[in-house]
Amino acid sequence: MKTMEILDNIPFDICLKDVVKSLKMSRKNQAIEKTILDLLEGAKRIANPKALYKVSYIEGREGDSVKIDGTIFMSKILKINLENAERVFPFIVTAGQELEGINKTKDDFMRVFCLDAIKEMILETAVRCLEEYLAKKFIPGKIARMNPGSLNDWPVSQQKALFSVFGNVEELIGVRLTESFVMVPIKSVSGIFFPTEVDFKSCMLCQRHSCSKRRAEYNPEMVKKYS
Ligand code: SF4
């Protein structure tokens with residue numbers, strides 16, 4: 001069985017209604033709807049969302065670190081989450097650099113805003129697709145994920161270690177890391193999927209109030225468990 005695989009051309013089915021909903025538009029606006037339809041048409045023509053994942057095994061645990069595929073990851077929370085795991089799935093998912101080819105006049109703020117929302121939705125679809133694919137192919141039971149940079153405990157600088165697990169990620173799926181460990185294209189997500197008995201989401205440990213991407217309520221009981 002292959003230990004590394006790329007899911008290419010991940011399908012997405014996003015319609016005007018979905019985008020309008022995600023933009024939380026309170027009133028119907030024909031001009032904006034026309035912009036969205038135009039962008040959606042362009043996105044459907046050229047987008048190529050991709051997911052890269054690897055089947056990896058825990059090789060050791062020490063202090064607040066865990067060794068996966070020869071790479072040391074420094075995170076107390078990750079180490080606790082992987083306490084009973086043997087097999088994990090490091091991954092990188094991207095909405096794809098192809099979307100950068102869509103014409104967005106920088107001073108047309110609304111067009112830039114709508115395109116950003118569409119890219120975000122394509123990325124979310126691709127992450128969901130990978131999660132479902134892993135669940136079906138490897139039957140790991142319940143899985144959760146952690147992403148470097150989502151919590152102070154696992155800083156964004158750990159992207160470098162995560163990328164090193166895959167080799168040349170830019171060649172594989174067109175995602176590169178800047179010197180400050182930001183992924184380009186920006187609409188990309190990286191992390192590790194792992195089997196879990198409990199429902200874990202980093203947001204449960206995160207106190208950031210105004211986060212539009214929150215996936216779960218802050219949970220003080222969970223914070224106690226990990227401290
Ligand atoms: S609340 Fe927002 S910033 Fe905090 S972990 Fe969740 S998505 Fe990340």
Side-chain angles (χ1 to χ4, degrees), residues 10 12 14 18-19 21-24 49-53 64-66 68 73-83 85 88-96 99 112-132 134-135 142-163 165 169 175-227:
I10 296 175
F12 60 93
I14 297 167
D18 300 329
V19 184
K21 195 172 162 201
S22 92
L23 291 175
K24 298 186 175 67
K50 302 170 201 70
L52 168 67
Y53 79 89
D64 288 342
S65 72
V66 53
I68 300 169
F73 292 94
M74 300 295 303
S75 159
K76 182 180 178 183
I77 295 172
L78 182 67
K79 192 208 155 196
I80 294 173
N81 275 336
L82 301 189
E83 229 145 42
V88 294
F89 307 96
F91 71 91
I92 301 169
V93 178
T94 180
L99 288 168
V112 173
F113 187 60
C114 292
L115 180 57
D116 192 76
I118 290 170
K119 286 181 185 172
E120 189 65 40
M121 292 172 84
I122 292 174
L123 177 60
E124 281 166 15
T125 305
V127 174
R128 251 194 330 271
C129 172
L130 174 63
E131 185 168 358
E132 285 166 14
L134 294 175
K142 195 183 179 87
I143 54 175
R145 69 172 197 255
M146 279 189 70
N147 317 94
S150 59
L151 297 169
N152 290 340
D153 169 77
W154 199 24
V156 73
S157 54
Q158 286 271 288
Q159 290 274 36
K160 199 170 171 190
L162 185 58
F163 269 56
V165 168
V169 177
V175 180
R176 68 179 171 85
L177 274 186
T178 66
E179 276 179 15
S180 47
F181 311 108
V182 173
M183 285 181 283
V184 179
I186 192 111
K187 294 298 178 193
S188 303
V189 175
S190 67
I192 298 178
F193 275 111
F194 55 89
T196 178
E197 301 273 296
V198 295
D199 184 21
F200 175 87
K201 291 192 177 65
S202 298
C203 306
M204 293 168 169
L205 310 177
C206 175
Q207 281 186 289
R208 192 179 293 180
H209 288 296
S210 54
C211 178
S212 59
K213 294 185 186 167
R214 182 171 280 285
R215 297 190 299 135
E217 291 292 309
Y218 176 67
N219 184 333
E221 286 308 308
M222 284 285 263
V223 176
K224 268 192 230 158
K225 191 182 149 195
Y226 286 93
S227 49

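One-based numbering, in listed order, for ligands and for the atoms of each.
None of Phe193, Phe194, Tyr53 except one satisfies the ring pair (Phe, Tyr, Trp, His ring centres under 6.0 Å) rule with Phe91; the exception is Phe193.
Using a distance-only test at 3.5 Å, with no hydrogens or angles considered, no donor-acceptor pair links the side chain of Arg215 to the main chain of Cys203. Remark: the backbone N or O of Met222 is paired with a side-chain donor or acceptor of Asn219 at under 3.5 angstrom. Looking only at distances, no side-chain donor or acceptor of Ser180 sits under 3.5 Å from a matching main-chain atom of Val182. A distance-only check finds no donor-acceptor pair linking the side chain of Asp64 to the backbone of Ser75 [under 3.5 Å].
With sequence neighbours excluded, the residues that form a salt bridge (Lys or Arg N to Asp or Glu O under 4.0 Å) with Glu120 are Lys187, Lys213.
Protein-derived N/O/S atoms nearer than 2.8 Å to atom 6 (Fe) of ligand 1 total 1, waters excluded.
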